[in-house]
Amino acid sequence: MDLFDFLLLFLLSFTGSCFAQSVLPPGPKDAAVGQNVTLNLLYVTKPDDITVWSYSNGATATNVATLRPTGVQVNAAYKGRASVNTTNGYLTLASLTAKDSGEYSVSIIGDGDTLTGEIKVRVLDPVSNVVIKSDLPEAIEQNSTVVLTCSASGSFLKFSWTNITSPIVADGTRLTFTDTDNSSKLTIKDVLRSDLMGPIFCKAENSLQSAQSPAFNLTVYYGPDNVFITPLKPTEYIESKTDFNLTCSTTSSPPATFTWFHNTTPIKATGPILTLKTIEEQGFGKITGDYSCRAQNAKTSRMASSAAVRFTVMEPISGAKITYPSGVLIAGNSSANLSCQAMSGNVTEITWLKDDKPLVSSPLVVISSDKSSVFISLLKKEDNGLYTCRLRNAVSKKEDFYKMVVIYGPEPAKVEGDNQAQLDQRVVLTCAAASIPPANITWKLNGTVLNTKTNEFIIENALYKDSGTYTCEAYNAVTGRTTTYSHVLMVKEEIDNGLSDGAIAGIVIACLVALAASIALIFYCRQKVPVESPY
Ligand SMILES: *[C@@H]1O[C@H](CO)[C@@H](O)[C@H](O)[C@H]1NC(C)=O
Ligand SMILES: *[C@@H]1O[C@H](CO)[C@@H](O)[C@H](O)[C@H]1NC(C)=O
Ligand SMILES: *[C@@H]1O[C@H](CO)[C@@H](O)[C@H](O)[C@H]1NC(C)=O
Ligand SMILES: *[C@@H]1O[C@H](CO)[C@@H](O)[C@H](O)[C@H]1NC(C)=O
Ligand SMILES: *[C@@H]1O[C@H](CO)[C@@H](O)[C@H](O)[C@H]1NC(C)=O
Ligand SMILES: *[C@@H]1O[C@H](CO)[C@@H](O)[C@H](O)[C@H]1NC(C)=O
Ligand SMILES: *[C@@H]1O[C@H](CO)[C@@H](O)[C@H](O)[C@H]1NC(C)=O
Ligand SMILES: *[C@@H]1O[C@H](CO)[C@@H](O)[C@H](O)[C@H]1NC(C)=O
Ligand SMILES: *[C@@H]1O[C@H](CO)[C@@H](O)[C@H](O)[C@H]1NC(C)=O
Ligand SMILES: *[C@@H]1O[C@H](CO)[C@@H](O)[C@H](O)[C@H]1NC(C)=O
Ligand SMILES: *[C@@H]1O[C@H](CO)[C@@H](O)[C@H](O)[C@H]1NC(C)=O
Ligand SMILES: *[C@@H]1O[C@H](CO)[C@@H](O)[C@H](O)[C@H]1NC(C)=O
């Protein structure tokens, strides 16, 4: 504005004429209550000029102060509040009140010329008490129309709203504004949960001041939205008495309350977690069923249900046990009935194994149709072994074992070992006769019982007198049967009994001939090997 002021002064100095707006800047000039305002002139007064400041409230005009070359004279009504700068003629009013608002005029009486000007002064009340209020204490999403009123005290106020940090703008449908002099109304139709999370602020301002409301937010109740059960897909069978829960979840404000159902029957349970314990305590679970939950919001009065999850509670198997014959089992004579039971739990599958391989049925080995028992009508030695009964259901697996002992034998005995031995040679005779229980072995030489009771008969240093017929007797004390096997051992007394004198002479002659031939060959080679010339 410096250039503008300068131009005005330039014009004035040339024309010297009287322009209505030329000596004072354009108004209105705003000042706050209690503050000072200085009305400056666009005209440079001369020392001889008389400057007269007056006030008009529209009806009457009053002199405020007059500057003469002799000094400043302040009207009694403005004593202590008004002052005129003796150098430039500017009027300063201190401690402004609302009553100081109005038109101020100045007359500069100079050398033959009189310049006059007017300016409007507005004394503004300070901006204060900016506050947002809602017509509703709480709102319901999509149902409520919320009217927020921002009010403030102060003069010539303009309002603006911010949401977090960005301005809120009317969209003409859901969000509309209605402003008055001292308030602004924000109307939100079909309010959404996100609308008023804020914080929301309202700012009231005029040309001098601005003030912001405290942060405002309004609870908008909503939900329940989609309701889910976790786990979404539980396994078909859930093991009884385990730490298994169904959890129901949804978004809702305030938090939803939950009701649980087994098919259509309500389950007595509260809260978002339904434990397996509760399910079992109320006798649900034994029957395959659909479990669902319903969420309910007390404020919105809305409810929503989850999709159902299906499972059956199953007791695990415990105490698998094989029942087996109590007496002694004898091959070719006894039969055996093995049966397998669980102490508790619903068994859905029974498997029989013998020595870790699936038990095969045969005319003699009959597995009952429900697989709970195996009947062997006539036992054979091959039936000896470790029997496993494996019980299974969807949630567990249990086994029991039975080692079946079938008495048999001894089978025909057989002795293995040398039939001939040299003097001092170590000789081992082994007697084998399959038998359960293992057969007691008795060794005899030429019909005389020997001390050895083991399967192996060992002669450390064979002597001629060890020759003879060795008989192994295998005896099964349970079957009372004995099998025997006879084995002949010959011990040769003299080592050189093997070659005749003639044979020995022949060998000696052959050696001598071979030696002579070797010597002849060596001599022959020495003569025939050519020596290579170095050239
Ligand atoms: C009067 O105005 C002059 C020139 O603008 C300035 O230097 C001086 O400080 C003012 N005096 C008072 C009392 O304000
Ligand atoms: C207003 O004027 C009074 C008296 O002239 C003075 O004491 C005070 O400091 C001034 N206040 C301001 C803010 O200029
Ligand atoms: C706002 O202005 C109206 C009249 O325009 C008045 O009745 C009301 O009291 C004012 N409210 C405040 C807070 O100043
Ligand atoms: C406030 O801001 C949030 C997040 O940007 C927005 O979802 C919501 O609609 C806004 N509210 C208003 C009243 O503009
Ligand atoms: C908004 O409201 C919530 C809940 O009533 C409150 O926890 C939060 O402090 C409030 N935030 C502000 C900025 O007022
Ligand atoms: C099931 O819920 C109970 C009680 O709420 C809790 O103690 C337990 O840890 C939960 N179990 C699982 C597996 O989440
Ligand atoms: C929501 O609005 C509908 C229709 O205006 C009304 O029937 C219902 O009662 C309202 N719900 C609540 C919780 O006020
Ligand atoms: C075989 O079985 C019969 C009766 O079943 C019994 O009388 C007999 O003693 C048995 N034989 C043996 C060797 O156990
Ligand atoms: C084997 O024993 C089970 C259980 O005791 C019984 O049900 C079954 O009939 C018996 N089988 C035979 C062939 O005796
Ligand atoms: C055991 O399971 C079978 C098949 O799933 C079912 O038919 C039967 O009723 C169950 N028995 C018990 C005692 O749960
Ligand atoms: C058979 O042998 C066992 C152990 O080797 C022994 O306890 C038992 O007395 C023997 N029986 C006979 C009849 O010799
Ligand atoms: C056993 O009998 C054979 C032939 O009868 C005989 O050669 C041998 O010396 C006898 N051995 C003993 C230890 O009696």
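Indexing begins at 1, ligand by ligand and atom by atom, following the structure's order. Values below: all heavy atoms of this structure, side chains included; hydrogens, waters and symmetry mates excluded.
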Flag for S166-N163: side-chain donor and acceptor within less than 3.5 Å: no
Heavy-atom proximity to atom 14 (O) of ligand 4, best of I164, V146, N163: N163
Between T312 and T288, a side-chain donor and acceptor under 3.5 Å: yes
Neighbour count >12 (heavy atoms, 6.0 Å) for atom CD, E416: no
Parallel, tilted or perpendicular, as decided by the 30° and 60° cut-offs, for the rings of F311 and Y291: parallel
Nearest-contact summary for atom 13 (C) of ligand 4 - protein heavy atom, Å: D195 O, 3.5 Å
Nearest-contact summary for atom 6 (C) of ligand 6 - protein heavy atom, Å: N245 ND2, 4.1 Å
Protein non-hydrogen atom found under 4.0 Å from atom 2 (O) of ligand 9: yes
Sub-4.0 Å atoms of ligand 6 with respect to non-hydrogen atoms of I273: 2 (O), 5 (O)
S144 side chain to V191 backbone, donor-acceptor under 3.5 Å: no
Atom 4 (C) of ligand 6 - nearest protein heavy atom and its distance: T275 CG2, 4.2 Å
Closest approach of any protein heavy atom to atom 9 (O) of ligand 6, naming residue and atom: D243 OD2, 4.0 Å
Backbone N/O of K371 and side chain of W352: donor-acceptor pair under 3.5 Å: yes
Whether K120 side chain and S101 backbone form a donor-acceptor pair below 3.5 Å: no
Option set D370, V374, N337, I376, criterion heavy-atom distance to atom 11 (N) of ligand 9, minimum: N337
Which residue and heavy atom of the protein sit nearest atom 5 (O) of ligand 9, plus the separation: S339 OG, 4.2 Å
